[in-house]
> 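Handing you a structure now.
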Amino acid sequence: MRRSATRCSRPPRADHAADTLTALRDYALAHLEEPHTVASLAARAGMSPPHLRPSLPGHHRNHPLHWLITQRVAAAQKLLELTDHPIPEVARRTGFGSEVTMRQDFAAHLATSPRDYRAAFRQPAGSNPIAS
């Protein structure tokens, strides 16, 4: 029996791993407000913590929690731009746990504070699609 000329570029096992990591990423993004650890993320993906880091596509040199913090900063940026939520509420909704932690991560990633970021990038009222 002859094999078909069309083949997947990745073997099924690699497809499953990619699907698992995509699902993990989607889960983490949908649940930014929840506390996450490398162990909890690895368990959700069904792998051990040492195997999670090298499995993340495009994040070979980054720690999984660094990626998560970057996503939290991006989500906080949107809330600061588009809502009037107090900064502690933005910190809670994006998983920083406290305004202090969010301020430290903003300084590290954006070289500014959440308050200064909001002052510089706040969108005018009426252009707010996520004001809930």
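Residues take their numbers from the sequence shown, with the count starting at 1.
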> Check this for me, if you would: do E89 and R92 make a salt bridge, where the nitrogen-to-carboxylate-oxygen distance has to be below 4.0 angstrom?
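Salt bridge between E89 and R92, a charged N being under 4.0 Å from a carboxylate O: yes.
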> What orientation do H66 and H109 show, parallel under 30°, tilted 30 to 60°, or perpendicular over 60°?
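Geometry flag for H109 against H66: parallel rings.
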> Taking all non-hydrogen atoms of both residues into account, name the closest pair between P49 and A39 and its distance.
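Looking at all heavy atoms of both residues, the closest pair is CG-CA, 3.9 Å.
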> So do L41 and T37 actually touch side chain to side chain, heavy atoms under 4.5 Å?
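Sidechains of L41 and T37: no contact.
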> Which pair of non-hydrogen atoms, one from S48 and one from A42, has the smallest distance, and what is that distance?
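Closest approach of S48 to A42, heavy atoms only: C-CB, 3.7 Å.
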> Please report the shortest heavy-atom distance between L68 and A28, naming the atom on each side.
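Nearest heavy atoms, L68 then A28: CD1-CB, 4.2 Å.
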> Looking at every heavy atom in both E99 and P88, which two are closest together, and how far apart are they?
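Nearest heavy atoms, E99 then P88: OE1-CG, 3.4 Å.
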> Out of curiosity, Y117 OH to I87 CD1, how far, rounded to the nearest 0.5 Å?
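It is 12.5 Å, given to the nearest 0.5 Å.
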> Evaluate the side-chain proximity of D105 to T70: yes if any heavy-atom separation is below 4.5 Å, no if none is.
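No, their side chains stay 4.5 Å or more apart.
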> Just verifying a value: how many Å separate R93 CZ and E33 CD, rounded to the nearest 0.5 Å?
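Those atoms lie 10.0 Å apart.
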> Indicate yes or no for a side-chain donor-acceptor contact from R44 to the backbone of L24 under 3.5 Å, with no hydrogens or angles considered.
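Not confirmed, R44 side chain does not pair with L24 backbone.
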> Between atom CZ of F96 and atom CZ of R103, what is the distance when rounded to the nearest 0.5 Å?
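So the gap between those two atoms works out to 12.0 Å.
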> Could you measure the distance from the CH2 atom of W67 to the NE2 atom of H36? Nearest 0.5 Å is fine.
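Between W67 CH2 and H36 NE2, I get 8.5 Å after rounding to 0.5 Å.
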> Could you give the distance from CG (L110) to CZ (F121), rounded to the nearest 0.5 Å?
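If we round to the nearest 0.5 Å, L110:CG and F121:CZ are 8.5 Å apart.
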> May I ask you to decide if L80's main-chain N or O and T83's side chain share a donor-acceptor pair within less than 3.5 Å?
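No; judged by distance alone, with no hydrogens or angles, the pair does not exist.
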> Hydrophobic clusters here meaning ILVMFWY residues chained together by side-chain heavy-atom distances under 4.5 Å, can you tell me if L21 and L29 are in one?
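Same hydrophobic cluster.
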> Taking atom CZ of R118 and atom CD of Q123, what is their separation to the nearest 0.5 Å?
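Output value for this atom pair is 12.0 Å.
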> How about F106 and S113: do any of their side-chain heavy atoms sit closer than 4.5 Å?
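No, too far: nothing below the 4.5 Å cut-off.
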> Do you reckon V100 sits in the same ILVMFWY cluster as I69, going by side-chain contacts under 4.5 Å, direct or chained?
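In one cluster: no.
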> So which atom in L79 and which in H85 form the shortest heavy-atom distance, rounded to 0.1 Å?
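Scanning both residues completely, I find the closest heavy atoms to be CD2-CD2, 4.3 Å.
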> Between A75 and L32, which heavy-atom pair has the shortest distance, and what is it?
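Where A75 meets L32 most closely, the heavy atoms are CB-CD1, 3.6 Å.
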